[in-house]
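For clarity, every value in this text was computed on a predicted model and none was experimentally measured. Below, chain A is the first sequence line, B the second, and so on; all start at residue 1.
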Amino acid sequence: MKNKLLLGDEALAQGVLDAGISGCYAYPGTPSTEIMEYIQNSKLAIERNVHRSWSTNEKTAMEAALGMSYAGKRAMVSMKHVGLNVASDAFMNSAITGVNGGLVVIVADDPSMHSSQNEQDSRFYGKFALIPIFEPSNQQEAYDMAYEAFDLSEKYQVPVMIRITTRLAHSRSGVYTKAVREMNQTKLPGDMRQFILLPSIARKRYKGLLSNQERFIFESEQSPYNKITEGSNKDLGIIACGLANNYLNESMKGTSQEYPILKISQYPVPVNMIRKFAASCKELLVLEEGYPIVEESLTGLLNMDYKVSGRLEGSLPLDGELNSDHVSRALGIELPASKEIPSLVANRPPTLCPGCGHTDVFLALNEALVTYGKGRVFSDIGCYTLGALDPLNAIDTCVDMGASVTMAVGAADAGLIPAVAMIGDSTFTHSGMTGLLDAVVKKSPITLIISDNATTAMTGGQNSAGTGSLEKICLGLGVDREHLIMMIPLRKNHDENVDIMKKELEYNGVSVIIAQRECVQTAARDKRIAAALKLKKVANT
Amino acid sequence: MKSDILLAGVGGQGILSIAAVIGYAALNRNLNLKQAEVHGMSQRGGAVQSNLRISDEEISSDLIQSGMADLILSVEPMESLRYLPMLSENGWLVTNSKPYINIPDYPDIDSVYDEIKKLPNHIIIDADGIASEIKSRKSSNIVVLGAAIPFLPFEWEDYEFGINKLFGRKGEEIVQSNLEALKAGMEFCKTIKE
């Protein structure tokens with residue numbers, strides 16, 4: 001037992017490491033990135049040679065983890081909530097194939113969209129796939145659940161999901177760790193047909209998954225993470241899921257009310273426990289971080305006489321992150337007086353860093369497009385999405401990873417010519433390459449700009465899969481050599497770059513411009529690391 | 001004992017370093033700690049904050065409730081005001097005086113100071129000035145932390161432990177200059193409180 005100060009993400013990472021995993025697979029995405037980063041820097045992972053390099057996207061990560069599980073070893077795959085959309089084909093089917101070595105899928109949701117395009121609740125995906133879900137309420141539970149999830153996964157030969165949200169992912173607290181376990185040996189599945197999802201086999205597997213549902217519910221009923229705390233005031237029973245428990249405790253501090261509380265941190269929901277709990281109270285309030293998934297399952301379509309309140313009913317806001325202010329209001333607890341934000345305080349949105357290469361790309365692009373007018377730049381997800389803000393106002397869309405390329409193709413099909421796609425290097429290899437192949441096959445009149453800073457910058461400068469080979473990738477996909485142009489986005493090259501862009505915009509076919517300049521953040525970081533190494537060398541001599 | 005601290009600043013100004021020093025100090029004191037940070041998009045020159053909660057009892061929420069913060073510690077004056085709804089009635093606001101202007105509509109700085117001065121408990125410190133006086137310009141964030149020492153539940157040795165933990169691998173020189181910055185902030189606070 002060792003007390004460590006860990007982020008929720010790091011607690012999960014330490015948990016899976018101590019549980020004896022052999023491989024971690026992930027693509028960076030806030031708020032999940034630190035899980036893999038912690039593993040990459042972990043002494044234990046290095047000693048044990050745990051697989052720990054980044055995957056090209058969440059789907060390849062999910063599939064590689066499933067492959068490791070097939071071979072009998074314990075594997076983890078981690079991603080942000082929207083990453084699960086990308087991985088969902090493999091994810092859904094992994095519930096049908098089942099697993100051999102334990103397989104844990106960690107998904108970090110981002111309610112309030114601190115760094116995301118939506119706030120979808122991954123518990124729906126877990127329910128959709130019919131697999132057990134853990135939802136830790138604090139850093140210690142995050143560790144414990146990550147440690148134990150593999151046992152559940154191997155017991156029922158099913159993938160297990162751990163769902164956390166931003167607040168826990170990025171909050172630090174003390175965590176007690178457990179004994180490090182042995183890693184699994186390589187071992188083929190007992191049923192060698194299990195992973196062949198031909199309809200005849202898939203039907204059988206699906207029936208098996210369905211018949212396991214009762215056992216999963218039984219596990220939830222027995223789980224130490226689901227528990228009822230008795231309370232004297234039975235006018236109201238409170239069901240608090242995962243993190244909501246903390247906010248509830250915070251709100252109840254210093255009040256004299258003692259409501260019965262049912263904490264839920266393992267799914268499928270413990271049905272009998274809920275029945276018993278509901279029968280002992282007059283009405284229910286459901287507190288959950290994310291969509292009202294538990295509340296909705298309780299009220300159903302008919303919404304019988306029994307009163308259930310929560311985010312769906314309206315006692316708490318339906319969108320955004322939960323907090324104890326919301327919980328207090330729902331419980332009628334008075335909040336302390338608080339001051340207003342003075343009106344002079346101005347918004348301070350994030351911006352591209354001073355000296356960023358993306359800025360120079362946008363400045364050139366804005367000028368090159370003057371004659372064509374606004375509304376034709378399809379962009380993507382990364383730092384360069386900030387090009388949407390003042391003073392650049394340089395992009396018109398940001399939807400999902402890779403959508404810049406294919407939306408430009410569709411818009412060109414509709415007659416918006418030329419259409420421009422603006423994407424970063426990491427997003428291009430994540431999900432842009434297949435779209436480019438579409439464009440090449442159809443000879444779409446689009447100009448694709450890959451703003452290549454040789455890193456996955458927005459999430460903190462992780463490796464980018466295409467670094468050094470973007471040109472070859474584009475040529476391999478069939479882009480015409482004459483319309484594959486390299487440029488260096490620097491202020492001094494501005495006029496030249498504008499001319500290149502103008503020329504390619506005029507071309508009635510696929511053009512690709514690769515604008516190459518290293519991210520200023522990673523450049524500074526590498527310089528710091530080099531200086532520290534030098535210092536170490538000096539100290540050693 | 002509990003101390004709820006709201007750290008404020010602009011992405012890149014080093015509030016996570018302040019948070020780390022306080023975190024280690026709490027660890028050294030055997031106190032419970034929860035520290036919610038901001039990672040991701042807002043780190044790029046946007047407004048950032050961190051909720052730091054320290055207590056000798058178990059801490060539930062990772063976030064401070066409205067009107068419950070004991071201290072707002074800010075490395076930028078306008079940012080210190082953004083979180084006023086968090087501050088408790090008798091809470092303290094400690095802020096650097098130097099504005100970080102990366103937006104076109106930054107308000108008149110004197111009106112910012114006037115707003116801060118409306119609070120009964122506030123300290124405005126020229127941390128950048130003090131940091132360059134002691135020839136440690138990069139340590140202005142630690143100077144601000146020093147000015148908040150009277151409102152934090154730690155002893156000097158706890159800060160030493162924290163600074164060593166955080167900056168130790170950068171060499172003894174960096175450790176010393178940060179300790180000096182911390183002391184300079186603390187001295188400044190003493191002079192104006194007396």
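Residue with the most contacts toward chain A among B:K170, B:M86, B:E76: B:E76 (heavy-atom pairs, distance under 4.5 Å). Counting heavy-atom pairs closer than 4.5 Å to chain B, the top residue among A:P349, A:S173, A:S324 is A:S324. In terms of heavy-atom pairs under 4.5 Å with chain A, the best-connected choice from B:E58, B:M78, B:M68 is B:M78. In terms of heavy-atom pairs under 4.5 Å with chain B, the best-connected choice from A:A531, A:P342, A:S338 is A:P342.
The contact between B:N102 and chain A is made by backbone and side chain atoms together, counting heavy-atom distances below 4.5 Å. B:S50 does not touch chain A: none of its heavy atoms, backbone or side chain, sits under 4.5 Å away. In this structure, the portion of A:S328 lying under 4.5 Å from any heavy atom of chain B is its side chain and not its backbone. For A:L243, the part sitting under 4.5 Å from any heavy atom of chain B is the side chain, from C-beta outward, and nothing else. In this structure, chain B has heavy atoms under 4.5 Å from both the backbone and the side chain of A:L344. Neither the backbone nor the side chain of A:L248 comes within less than 4.5 Å of any heavy atom of chain B.
A distance of 4.5 Å separates CG in A:N246 from NZ in B:K34, rounded to the nearest 0.5 Å. Residue A:K339 holds its NZ atom at 9.5 Å from CG of B:L93, rounded to the nearest 0.5 Å. A distance of 12.0 Å separates CD1 of B:I103 from CG of A:D390, quoted to the nearest 0.5 Å. Annotation: the span from B:S66 atom OG to A:H326 atom NE2 amounts to 9.0 Å, rounded to 0.5 Å. To the nearest 0.5 Å, atoms CZ (A:R172) and CG (B:L16) are separated by 8.0 Å.
Between A:E250 and B:R53, at least one side-chain nitrogen of the basic residue sits less than 4.0 Å from a carboxylate oxygen of the acidic one, meeting the salt-bridge criterion.
Interface with chain A: from residues 109-119 of chain B, residues B:S111, B:V112, B:E115, B:L119 qualify, criterion being any non-hydrogen pair under 4.5 Å.
B:L81 and A:I341 get closest at one heavy-atom pair: O-CG2, 3.9 Å.
Crowding of B:E173 atom CD: a count of heavy atoms from other residues, nucleotides or ligands under 6.0 Å not exceeding 12. Other residues, nucleotides and ligands contribute at most 12 non-hydrogen atoms within 6.0 Å of the NZ atom of A:K227. Counted within 6.0 Å of NZ on B:K138, heavy atoms from surrounding residues, nucleotides or ligands total 12 or fewer; the atom is thus considered open. Within a 6.0 Å sphere centred on CD of B:E172, other residues, nucleotides and ligands contribute more than 12 heavy atoms. Residue B:R137 places its CZ atom among 12 or fewer non-hydrogen atoms of other residues, nucleotides or ligands, all under 6.0 Å distant.
Under the 3.5 Å distance criterion, the side-chain polar atoms of B:D62 are left unmatched by any main-chain donor or acceptor of A:R167. The backbone N or O of B:I101 lies less than 3.5 Å from no partner atom in the side chain of A:R348, so there is not a single donor-acceptor pair.
Counting heavy atoms from C-beta on, the side chains of A:H114 and B:V38 never come closer than 4.5 Å.
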inquiry  = If you apply the rule side-chain contact (heavy atoms from CB on, under 4.5 Å), what do you find for A:E340 with B:L84, and how did you get there?
reply    = CA-CA 6 Å; A:E340 302 268 315; B:L84 271 195; over 6 Å; no
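Residues forming a side-chain hydrogen bond (donor to acceptor under 3.5 Å, both in side chains) with A:S116 (at least two apart in sequence, or on another chain): A:K80, A:D110.
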